[in-house]
Amino acid sequence: MTEGTTSAAPEEATDGGDSLSRLEQEGEIAADYLEGLLDIADLDGDIDMDVEADRAAVSIVSDNGRDLQKLVGRDGEVLEALQELTRLAVHRETGDRSRLMLDIAGYRAKKRQELSELGAEAAADAKSSGEPVRLRPMSPFERKVVHDAVKAAGLRSESEGEEPERFVVVLPA
């Protein structure tokens, strides 16, 4: 974490018009929480903070990404749980619901790229066949990335089904 940036000033944190300061404060709270977690787990990692698309984004990176794979888990399950715990820690401190995104060892960034490609391929298939394309069940994060890729390809998509079997359907033009 960067020295000298422990939290936003109180007047900035309560000013509803200053969402950037609020998101930076969320990132700081999350970073402190995650640093404590890394210490408890005896894992090495650096915390990077940013604000992306109106939400705080926190990443844990390390030269030895293998250690951090424990925090990602199978298919990102541990990462999802840690993100929820981190959001709860932010909520406890601020009283506001957090939409913070957590990435560990570049897992989400890689997954986002793969899902963008999947969405673009599904859009191309729907365009060429004229038939809806149904994809496998996905997490909310995964569905959002696919919806964005389909929209960028000029088509429309929607989610169907019930959690945890909710999936994306790409609709032809």
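Values in this document were obtained by computation on a predicted structure and should not be read as measured data.
Of the charged side-chain nitrogens involved, at least one lies within less than 4.0 Å of a carboxylate oxygen, so that Arg108 and Glu80 count as a salt-bridged pair. A salt bridge links Glu142 with Lys111: at least one charged nitrogen is closer than 4.0 Å to a carboxylate oxygen. Taking 4.0 Å as the cut-off between side-chain N and carboxylate O, Glu26 and Arg22 count as a salt-bridged pair.
By the rule that hydrophobic residues join a cluster once side-chain heavy atoms approach within less than 4.5 Å of another member, Leu43 and Val78 end up as members of one cluster. No path of Ile, Leu, Val, Met, Phe, Trp and Tyr side chains, each step under 4.5 Å between heavy atoms, connects Val169 with Val145, placing them in separate hydrophobic clusters.
Without hydrogens or angle criteria, Gln83 side chain to Leu102 main chain gives a donor-acceptor distance under 3.5 Å. Side chain of Asp103 to backbone of Ala109: a donor-acceptor contact under 3.5 angstrom is found. Panel note: side chain Lys127, backbone Ala153; a donor-acceptor pair is recorded below 3.5 Å. At distances below 3.5 Å, not a single donor-acceptor pair connects side-chain atoms of Arg55 with backbone N or O atoms of Leu100.
Applying the salt bridge (charged side-chain N to carboxylate O under 4.0 Å, His left out) rule to Glu163 yields the partners Arg143; only residues at least two apart in sequence or on another chain are considered. Contacts of Glu77 classified as salt bridge (charged side-chain N to carboxylate O under 4.0 Å, His left out), with partners at least two apart in sequence or in another chain: Arg74.
The only member of Ile47, Asp46, Ile40 that meets side-chain contact (heavy atoms from CB on, under 4.5 Å) when paired with Glu35 is Ile47.
Between the side chains of Ser98 and His91, not a single donor N or O lies within less than 3.5 Å of an accepting N or O.
Contact of the Pro172 side chain with the Ser129 side chain is not registered, since no non-hydrogen atoms from C-beta on lie closer than 4.5 Å. Between Leu171 and Leu155, the closest side-chain pair of non-hydrogen atoms is not below 4.5 Å. Counting heavy atoms from C-beta outward, Leu71 and Leu79 have side chains that stay 4.5 Å or more apart.
Tyr33 and Ala89 make their closest contact through CD1-CB, 3.6 Å (heavy atoms, listed as atom of the first residue, atom of the second, distance).
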